[in-house]
Amino acid sequence: MHSVVLTKGVPDFREGQVAFDEDGHLERGNTPTVMNPNDKHALRTALQTKVRHGGSLSVMSMGPPGYGDVLREAMETVYADDLYLLSDRELAASDTWATAITLATGLQKLDDTPDLVFAGFKTADGETGHTGPQACWCLDWPIITHVVALDVDEDDSTVRAKRLVEGDIEEIETVEAPMPAFIVADPEFEPTYRKASHRLTLKDLQAETAERAENHEEHLTTWDHADLNLDPDYIGLDGSPTIVSSVDPIPKAPAEREATMVDPDDGEGMSEVFEAMQPFADGRSAAGD
């Protein structure tokens, strides 16, 4: 059993972390990079699979060399055996299609063909949700999205999953697919380790991984476009059919906020509060809220 988790580093969009230039464009060099939040659901799904069925688990990402911290966090989260980074100037500015081609090629280059590939359902920066399904299409594998529960039948080489129908938490269906397959984890996925043997396995994996994560670079393989035998015309900016027409900068929060204390028994003071809030109430009424 070999599983691979795809993960991505994204800008840290928490208030005060994002840097913009004078034109309102994101300054990636001055903005911290963190793991895409939705990828953590994929990592938790993959970890449950490893605990229940054993085998090896790899993490793959595409990005600049500075993604080391993201990969280390992924290794610690999922107790990964090894890491793969697809990194090259020729890969820069890839849209979802060029990224999918690169990731699919990286998955095909692995010595051990994965049985399952896990991905989050969208990234925090692009939010398209395209890359995983497009990579799956390149591989011609089945894909199950919005997965909230997962089980593997190794003897039958199939994976069974419960998934939200069109992301609706009120409607769940059970589906089955042959392996190798692509699994897109939903945020509603909650791993369970009810058997004592699973909890003991989890504890052993945690102990084994601590030292490996400390020296994660020794377990990291980096491939550039030449290693992947990718034509530069089909990757990076040249291989990206998407055209971004414009970008709206994130509104800046007020630099300072002042609070005014009002005594509820102060009639004049409360009148001033209602008067100040009235424009917002009118706006909600006009919007039909």
Side-chain angles (χ1 to χ4, degrees), residues 4-13 18 25-26 28 31 33-43 45-46 58-67 70-71 74 84-110 114 116-147 163 166-167 180-187 222-225 227-250:
V4 178
V5 185
L6 302 180
T7 187
K8 181 186 180 185
V10 298
D12 187 347
F13 287 118
V18 185
H25 297 149
L26 176 69
R28 285 189 177 269
T31 302
T33 298
V34 297
M35 180 190 294
N36 176 45
N38 283 324
D39 293 347
K40 295 184 179 180
H41 306 301
L43 290 166
T45 312
S58 307
V59 175
M60 179 177 289
S61 185
M62 173 178 153
Y67 273 23
V70 172
L71 288 170
Y84 292 88
L85 178 62
L86 315 182
S87 183
D88 189 344
R89 286 187 177 276
E90 295 286 351
L91 301 175
S94 293
D95 68 359
T96 61
W97 178 240
T99 301
I101 290 175
T102 305
L103 289 172
T105 306
L107 291 169
Q108 289 175 312
K109 185 175 172 61
L110 295 172
L116 292 173
V117 175
F118 297 86
F121 79 111
K122 62 182 179 180
T123 57
D125 50 358
E127 289 203 336
T128 65
H130 291 173
T131 304
Q134 287 175 332
C136 183
W137 186 86
C138 293
L139 294 165
D140 195 23
W141 290 359
I143 183 171
I144 306 176
T145 60
H146 290 294
V147 171
R163 64 178 299 272
E166 297 182 0
F182 227 89
I183 303 296
V184 179
D186 190 272
T222 302
W223 288 330
D224 61 20
H225 81 281
D227 295 323
L228 297 171
N229 195 29
L230 286 167
D231 187 333
D233 289 340
Y234 294 94
I235 57 174
L237 183 61
D238 291 343
S240 298
T242 305
I243 298 175
V244 180
S245 59
S246 65
V247 177
D248 293 330
I250 300 174

State, with a plain yes or no, whether a side-chain heavy atom of Leu6 is found less than 4.5 Å away from one of Val117. yes
Let's go through Lys8 and Thr99 carefully: what are the C-alpha distance in whole Å and the side-chain angles of both, what is the deciding distance for side-chain contact (heavy atoms from CB on, under 4.5 Å) to 0.1 Å, and is it a yes or a no? CA-CA 11 Å; Lys8 181 186 180 185; Thr99 301; over 6 Å; no
Apply side chain to side chain donor-acceptor pair (under 3.5 Å) to Thr96 and list each qualifying residue two or more places apart in sequence or on a separate chain. Gln134
Kindly write out the residues that satisfy side chain to side chain donor-acceptor pair (under 3.5 Å) with Ser58, not counting sequence neighbours, or none if the list is empty. His2, Asp82
Side chain to side chain contact (heavy atoms under 4.5 Å, CB included) with Pro180: which residues, sequence neighbours excluded? Trp141
Look up atom CG in Leu86 and atom OG in Ser61, then write down how far apart they are to the nearest 0.5 Å. 7.5 Å
So, for Gly9 and Val70, which heavy atoms are closest and what is the spacing to 0.1 Å? CA-CG2, 4.1 Å
For Trp223, check ring pair (Phe, Tyr, Trp, His ring centres under 6.0 Å) against everything at least two apart and list the hits. Tyr84
Who are the side chain to side chain contact (heavy atoms under 4.5 Å, CB included) partners of Ala119, not counting sequence neighbours? Phe182
Nearest heavy atoms of Leu103 and Met62, plus distance in Å: CD2-CB, 4.2 Å
Between Ala100 and Ala135, what is the shortest heavy-atom contact and its length? CB-N, 3.4 Å
Would you give the length of the straight line joining atom CG of Asp186 to atom CD1 of Ile144, rounded to the nearest 0.5 angstrom? 13.5 Å
Test of understanding: with side chain to side chain contact (heavy atoms under 4.5 Å, CB included), list the residues that count as partners of Pro64, not counting sequence neighbours. Tyr67
Identify every side-chain donor-acceptor pair in residues 232-240 under 3.5 Å, counting partners at least two apart or on other chains, and give the distances.
from	atom 1	to	atom 2	distance (Å)
Ser240	OG	Asp95	N	2.8
Ser240	OG	Asp95	OD1	3.3
Ser240	OG	Gly236	O	2.6

Output for pair (Leu85 CG, Met60 CE), nearest 0.5 Å, gives 9.5 Å
State which residues pass side chain to side chain donor-acceptor pair (under 3.5 Å) with Glu90; sequence neighbours excluded, sorted by chain then number. none
Between Arg163 (side chain) and His146 (backbone), is there a donor-acceptor pair under 3.5 Å? no
Hey, is the main chain of Val184 close enough, under 3.5 Å, to the side chain of Thr145 for a donor-acceptor pair? no
Between CD1 on residue Ile101 and CG on residue Leu230, distance to nearest 0.5 Å: 8.0 Å
Specify the closest pair of heavy atoms between Leu228 and Thr105, including all atoms of both residues, with the distance to one decimal. O-CG2, 3.4 Å
For Val59 and Ala74, work out which heavy atoms get closest and say how close. CG1-CB, 3.9 Å
Here the pair of heavy atoms bringing Cys136 nearest to Ile143 is SG-CB, 3.5 Å
OG1-NZ distance between Thr7 and Lys40, expressed to the nearest 0.5 angstrom: 9.5 Å
